[in-house]
Amino acid sequence: MNEDPKHPNETVNVAARLIEYARENPDAIAVAEPLDYDAQGRRRYRQVTFGELDQDSDRIAQGLLDWGVPRGTRLVLLVRPGVDFISSVFALLKAGMVTVLIDPGMGARRMIDCLAEAQPEGFLALPSVHAVRVLLRHRFPKARYNVTLGRRWFWGGKTIGQFRRRGHQGTVLAPTAGDDPAAIIFTTGSTGPPKGVHYCHRTFERQATEIRDFFDIRPGEVDVPCFPFFGLFNSAIGVTSVIPDMDTSRPATVDPAKIVEAVTDWQATQTFGSPAVWNRVGRYCEAKGIRLETVRRVLSSGAPLAPEVLKRMADHIHPDGDMHTPYGATESLPVASISSREVLHETAEKTRQGYGTCVGHRFGGIDWRVIEIVDGPIRSIEQATPLEPGHIGELIVRGPVVTRGYLNRPEADARSKIADLASNVDPSAAENGMPRFWHRIGDAGYLDEQDRFWFCGRVAHRVLEADGPRFPVPCEAIFNTHPDVFRTALVGVGRPGGQKPVLCVEPLPECFPEGVEAEAAFRDALREIGRQFETTQPIETFLFHRAFPVDIRHNAKIFREKLSVWATKELKKRKRSR
């Protein structure tokens, strides 16, 4: 159900899409969740239809409301990916609650700190989560509405089983407006502490529309989402979600055979995951000679994909299929996307030559600009200096999928938002939900003549040398052409304005240099590569690292701040040993 700008009181809630599709296709499979194997070694699945998913989420929503949970109550959702997760999210949307979503993969301490910051009024969670909540009850003093998925022990509250045993009492859909709060979703914290991002109902509604239309996703398709949240969009647009057997918080450890199993069991047309997943699945398919013939669309997000990973996956799906890498951030998703065909046939060679990584064309609802980099807040768009195509600056975006702010972080709001009061006199902007501010993604890069964005690294990660900034991604791509290199990271050592560029190198495990002579030969080879390009000629210091610190969610975003500290210590050790 879409918001009509002429009727601002109409309900805006992405759960309305589930209700509508379930009425039209009640017997279509909505979610398939892996169980064990039968006597013949075939995977068994727990399956629910769209009609069952709709009614199940109605029962949970009605149970919360009948219990007296007020609309707008902030509830943490911590259950495993699958039927219960998807049904619970839609139940909270239908009841008008505010769902707090967080990736458990960030680590227990950080997760508890984030949840405490959210000041939840209750938890819908597994028994193990409730046990921790009770143990740390002083961190969650407002949590009074607590629902257990599974057996409830000594902590009171309700169980989802109690809600589900009630008869279906009809459709539930809170009269939420577009700007009403819908969720708080935490960032990964790859460039600082994780932050809670406020989502309103219009954001979810527009995300579903943008993703469906840009990739031409049709009702009746089958997706294997290796990131649980994507399953929600599937259910909102009539796509079957087949949950793979994997730890979604540890994508780098995924068993590729189980992803292939889910795809082949259900003849999936689409699959979504992080770069770490496709690196493993692509290698597995190549080694085993497997073609995923039914897959026509592979989506990957979290970080740019290496061209060889794109090619490997594209070579092992349907001949007419393609791989896409959507670009965005928790605060603004989706922003842009590029296909493997465009990368392999056009942009990859420029990337290898130090032009940066092209993330493609913007989505229809996104407006973007590149502005001169400023360290610190920019209060209004009039204070921002726009740059011409080809000039590196900071990307700013606006659109109905761009979120309005952070949870309890006014200083972060000031750094990331730029007011644009001129939008007040733009009727079309108001009607389309275009916010009256711009969001600073924090990425450096430039727009080309085709209005594509070329990513050159995070603004915070640029190396501030005496003669100006050096951006990491263009430099790293040049050194990554060495056949023994897995990945590199350019960091600055020293005070900003006089930093020394240092290239941290993570070789392939079997190629790590052992001994002084092997290290010297490896450095000489890298130095020779760098001398061929103006942007990398000044880089003379190389340090070898066995495994970069990376984010857990995607296993791709490098924690450069940690590498910078490590590099500083390593160089001091070398200086002392001489």
Side-chain angles (χ1 to χ4, degrees), residues 31 33-36 45-46 48 56-57 59-60 63-64 67 69 73-92 95 97-165 183-189 194 196 225-229 231-232 243-255 258 551-553 555:
V31 187
E33 178 183 327
L35 300 173
D36 55 5
Y45 293 86
R46 174 189 179 189
V48 296
D56 187 52
S57 55
R59 281 191 286 268
I60 298 171
L64 289 168
W67 187 23
V69 185
T73 297
R74 195 176 290 178
L75 299 177
V76 172
L77 178 63
L78 275 173
V79 302
R80 295 185 183 90
V83 173
D84 295 320
F85 174 77
I86 294 174
S87 189
S88 296
V89 173
F90 277 105
L92 295 176
M97 307 301 168
V98 178
T99 309
V100 180
L101 290 168
I102 192 166
D103 186 354
M106 70 170 55
R109 179 174 295 179
R110 296 179 91 189
M111 183 175 67
I112 290 169
D113 288 343
C114 290
L115 293 178
E117 181 184 359
Q119 300 180 15
E121 297 161 271
F123 283 69
L124 195 165
L126 297 167
S128 57
V129 175
H130 283 291
V132 173
R133 173 187 60 79
V134 172
L135 185 65
L136 301 175
R137 59 169 61 87
H138 63 286
R139 302 293 303 272
F140 310 108
K142 296 182 178 180
R144 56 179 295 206
Y145 299 108
N146 298 302
V147 182
T148 305
L149 175 62
R151 184 172 180 180
R152 183 188 61 203
W153 292 87
F154 51 84
W155 45 77
K158 300 289 185 177
T159 69
I160 283 187
Q162 289 176 304
F163 296 156
R164 283 174 163 164
R165 285 192 289 272
I184 296 169
I185 302 177
F186 279 85
T187 63
T188 59
C226 301
F227 182 54
F229 200 68
L232 304 177
I243 310 301
D245 182 2
M246 65 175 288
D247 182 350
T248 55
S249 68
R250 306 275 178 181
T253 65
V254 66
D255 181 351
K258 291 182 177 177
D551 73 295
I552 295 173
R553 181 181 294 177
N555 196 245

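Keep in mind that the numbers below use all heavy atoms, side chains included, and drop hydrogens, waters and symmetry copies.
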Exercise for the section: Rounded to the nearest 0.5 Å, what's the gap from CG on L115 to CZ on F123? Could you check? Expected result: 5.5 Å

Exercise for the section: To the nearest 0.5 Å, tell me how far T187 OG1 sits from I102 CD1. Expected result: 9.0 Å

Completion exercise
Scanning both residues in full, the closest heavy-atom pair of W67 with Y145 reads CH2-CA, 3.7 Å

Exercise for the section: Calculate, to the nearest 0.5 Å, the distance between atoms CG and CG belonging to L101 and L232 respectively. Expected result: 8.0 Å

Practice task
For residues I160 and S88, determine if any side-chain heavy atom of one lies less than 4.5 Å from a side-chain heavy atom of the other.
Solution key: yes

Exercise for the section: Mind listing the closest non-hydrogen atom pair of N146 and A143 along with its distance? Expected result: ND2-O, 3.2 Å

Practice task
Decide side-chain contact (heavy atoms from CB on, under 4.5 Å) for I185 and F229; before the verdict, give the C-alpha distance in whole Å, the side-chain angles of both, and the deciding distance to 0.1 Å.
Solution key: CA-CA 11 Å; I185 302 177; F229 200 68; 3.9 Å; yes

Practice task
Could you check L136 against I112 for side-chain contact (heavy atoms from CB on, under 4.5 Å), going step by step and ending with a plain yes or no?
Solution key: CA-CA 9 Å; L136 301 175; I112 290 169; 3.6 Å; yes

Exercise for the section: Taking the side chain as every heavy atom from C-beta outward, state whether V134 and W153 have any pair of such atoms under 4.5 Å apart. Expected result: no

Fill in the blank from the handout: For P104 and M111 the tightest heavy-atom approach is CA-SD, 3.6 Å

Handout entry: Contact summary for G150 and T159, nearest pair of heavy atoms
Key = O-CG2, 4.1 Å

Problem - L92 vs L64 side-chain heavy atoms within contact, under 4.5 Å - result: yes

Exercise for the section: State, to 0.1 Å, how close G157 and Q162 come at their nearest heavy-atom pair, and which atoms those are. Expected result: O-OE1, 4.4 Å

Exercise for the section: Mind checking the CG-CG spacing from D245 to L35? Nearest 0.5 Å is all I need. Expected result: 10.0 Å

In residues 73-86, what donor-acceptor pairs under 3.5 Å come from side-chain atoms, sequence neighbours left out?
from : atom 1 : to   : atom 2 : distance (Å)
T73  : OG1    : P70  : O      : 2.6
R74  : NH1    : A118 : O      : 2.7
D84  : OD1    : R46  : NH2    : 3.4
D84  : OD1    : R164 : NH1    : 3.0
D84  : OD1    : R164 : NH2    : 2.8
D84  : OD2    : R46  : NH1    : 3.4

Exercise for the section: Quick one: closest heavy-atom pair of A116 and F140, and the distance? Expected result: N-CE2, 3.5 Å

Practice task
Measure the spacing between NZ of K158 and CD1 of I60 and express it to the nearest 0.5 Å.
Solution key: 14.5 Å

Handout entry: Lys/Arg cation over aromatic W155: R152, 6.0 Å, 45° cone
Key = no

Problem - Interatomic distance, D113 atom CG to F186 atom CZ [nearest 0.5 angstrom] - result: 10.0 Å

Problem - 4.5 Å side-chain heavy-atom contact, M106 and C114 - result: yes

